[in-house]
Structures are given as structure tokens and as C-alpha cells.
Amino acid sequence: MAQPLLKQAARKHDQKQDLHDGPPPNAWLLALEFRAFWEFGALLPAWPMLARAPRGDGHGVVVFPGLSANDGSTIPLRRYLNSLGYATSGWEQGFNFGPRAGVLETARAQVKRAFDESGRKVSLIGWSLGGVYARELAKEFPEMVRGVITLGTPFAGSHRSTNAWRIYQLASGRKVERETENYDLPAAPPVPTTSIFSRSDGIVAWQGSIQKPAAHNPHTENVEVVASHVGLGVNPSAWWAVADRLAQPQGQWQPFQRKGTFLHGLIYPDPARAA
């Protein structure tokens, strides 16, 4: 009995060491979150390019909103993905105030329903806190999940490396430490996983969104964009990356390509910098 407990304690200790425990984004980056209005406005001039994204194959996509947001915040992204041929749905649970009673159970049922209705694996997309749900659900149901895409999700950082942890505790009525102690959040799901992040994120320290290489899953990656945290879900470059990742044929995953041009280098900075 003692040996398994020692191993469990050692695993938790290693997990804590793996977490980024630096400070949250500074006041300057937080102020830059007002860029989100510009990012939303940029969708119109970017639409001719976005419309040329690879078409989808009709599989189901479930999109989870961020903290204190609801499905209204993901309508633009979901409508875009619908236009590419996907069958998208929101999380259908109102405002996301954390994993309160019944939230995870309902999310599990939704993934199962989407899988049963289509007869095919579904993709999960999560914005910020919603990405934590997407990753953990994929760990529970890898036989039903085709892939995971997160947008500014702090799965690899201490709660104190974000500017939202106090809001989380106020909204959910729960202590962050107790919420996370039963989950190995930094561990990659066993399905293709993409973390889209921004170094100019004013809410989440970007280091907390970096997926480290996983021995059990070589199909993980980090894609950097230039965006605010609040604007990630309406940022044209993030949308293109999401569409590109979703369009990959099942079982034929390849890393995201920056195309190697100067323009793409500005839109998608060199991912090697995230190492």
C-alpha cells in the first residue's frame, strides 16, 4: 500500500515542477486586451482569405467557451466552421462559471451524443478555461474524440500565472488548488492536440499554454499567433489555424505549416521560440 502512495506523491511532485509558476501578464499586456475589437473588425477584410481554408468533411465539432462566457461568444467561430462544412455545436450550458455540479457530466453526455449522432469521432475546441474541459474529456473518451484544439488555455501553468484566477474563484465558488489537484492538466490527451497561444496574451502567461513533447503522443504542437486573449476566438489567424487543423484527414496528422514566407512569419511566428 505504501509504495503506490509514494509513487502517486512523486508523480504529483513532478507535475508541480512541470507547471509554469511565473507571474501573470503585466498591466501593459492586460491593457492591450482592448485589441479584441480590432481583431473582430479584421474578420471582414480577412474573409476572402478565410473562405479559402480547406473544406471540412462534416464531422462534429464541439466548442467550449471561456471563463464567464457563454455560447454567444463562440457564435462567430462556429458559424465560420459551419460554412466550411462542419457540424458544430456549443456547450449548451449557459455561462461557464467553472466545473460546478453537473457541468462535467453534461459535457460528457454531449460528447457521447455528438459521437452517436454522427457515427464518427468528434473534434473538441476550447477557448481558455473551455480548453481544459476539451483536453480532459479527450483523455476520458479518446475513442470518441478525433482531436483537440485549445485557444489560450492555461493547462501548463500555475493558477497564479493568470490574471483570471480570482475571477474564477469568485464565479465558481471553488478554490483553484482543490479543483486541479485531481487532474494532471499538463499531460497531453492521447489524441492529436494543438495549443494556439499568443505571447501578447494579457490574461494567461503564454508559457502556461505550451504543450511539452509527450512520449505517449507524438501528435502534439503549439501554434503561435499574434492576438489578445479575449480576441483569440475572433482572430483571423487563429481561425485559419483552427480550420487547417480540423481539415486533416483522420489518422493523417501533420504539424502546422507556416509556409516559410515573410508574411506568414509575421502572422505565425517561429514555433521554435516556444521551446
Side-chain angles (χ1 to χ4, degrees), residues 11-25 62-69 91 96 98-99 103-104 107-108 111 123-142 145 147-165 167-169 172 174-199 201-225 227 229-230 232-233 238 241-242 245 256 271 274-275:
R11 186 185 64 80
K12 287 187 176 182
H13 176 71
D14 291 342
Q15 176 184 331
K16 289 180 180 179
Q17 287 188 326
D18 286 340
L19 290 174
H20 170 69
D21 199 21
V62 182
V63 185
F64 298 92
L67 175 63
S68 298
W91 87 318
N96 183 359
V103 167
L104 293 179
R108 292 183 184 105
V111 171
S123 293
L124 305 181
I125 300 175
W127 189 354
S128 194
L129 176 61
V132 173
Y133 298 160
R135 287 170 59 93
E136 294 307 309
L137 288 167
K139 294 175 188 178
E140 283 193 57
F141 306 116
V145 177
V148 173
I149 302 171
T150 59
L151 302 165
T153 295
F155 56 83
S158 161
H159 66 279
R160 294 185 183 275
S161 66
T162 79
N163 281 313
W165 70 273
I167 296 175
Y168 175 88
Q169 293 192 159
S172 67
R174 299 165 178 260
K175 293 290 186 181
V176 178
E177 297 92 335
R178 297 192 65 180
E179 290 285 87
T180 59
E181 65 183 6
N182 294 321
Y183 297 94
D184 188 0
L185 298 184
V191 299
T193 300
T194 298
S195 173
I196 298 175
F197 74 99
S198 170
R199 289 174 188 265
D201 190 316
I203 304 297
V204 172
W206 65 268
Q207 297 92 335
S209 297
I210 299 301
Q211 177 64 64
K212 294 184 177 181
H216 68 282
N217 180 8
H219 299 155
T220 68
E221 63 183 343
N222 303 294
V223 176
E224 182 178 355
V225 298
H229 183 83
V230 176
L232 271 169
V242 169
R245 301 291 79 198
F256 182 72

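Not measured: the values here are computed from a predicted model.
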Rounded at 0.5 Å granularity, tell me how far [atom1] in [X] sits from [atom2] in [Y].
X	Y	atom1	atom2	answer
Thr150	Leu124	OG1	CG	11.0 Å
Thr153	Phe64	OG1	CZ	11.5 Å
Trp127	Leu151	CH2	CG	7.5 Å
Leu104	Glu140	CG	CD	7.5 Å
Ile149	Glu221	CD1	CD	8.5 Å
His229	Leu67	NE2	CG	8.0 Å

Ignoring hydrogens, what is the shortest heavy-atom contact between [X] and [Y]? Give both atom names and the distance.
X	Y	answer
Ser128	Gly66	CB-CA, 4.2 Å
Val191	Gly147	CG2-CA, 4.1 Å
Ser195	Phe155	OG-CE2, 3.7 Å
Leu137	Ala107	CD1-CB, 3.9 Å
Ala205	Pro23	CB-O, 3.8 Å
Leu232	Ala227	CD2-CB, 3.8 Å

Closer than 3.5 angstrom, by distance alone: can the side chain of [X] be matched with the main-chain N or O of [Y] as a donor-acceptor pair?
X	Y	answer
Asn222	Gln211	yes
His216	Ala188	yes
Asn163	Pro25	yes

(message) Could you tell me if the side chain of Tyr133 sits less than 4.5 Å from the side chain of Asn96, heavy atoms only?
(response)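 A side-chain contact exists here, since the closest heavy-atom pair is under 4.5 Å.
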(message) Between Ser209 and Val204, is there a side-chain heavy-atom distance shorter than 4.5 Å?
(response)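 When only atoms from C-beta onward are counted, Ser209 and Val204 do touch, with a gap below 4.5 Å.
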(request) Sorted by first residue and then second, give each salt bridge (Lys or Arg N to Asp or Glu O under 4.0 Å) pair with at least one member in residues 126-138; sequence neighbours left out. (result)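 Of all non-adjacent pairs touching residues 126-138, those that pass salt bridge (Lys or Arg N to Asp or Glu O under 4.0 Å) are Glu136-Lys139.
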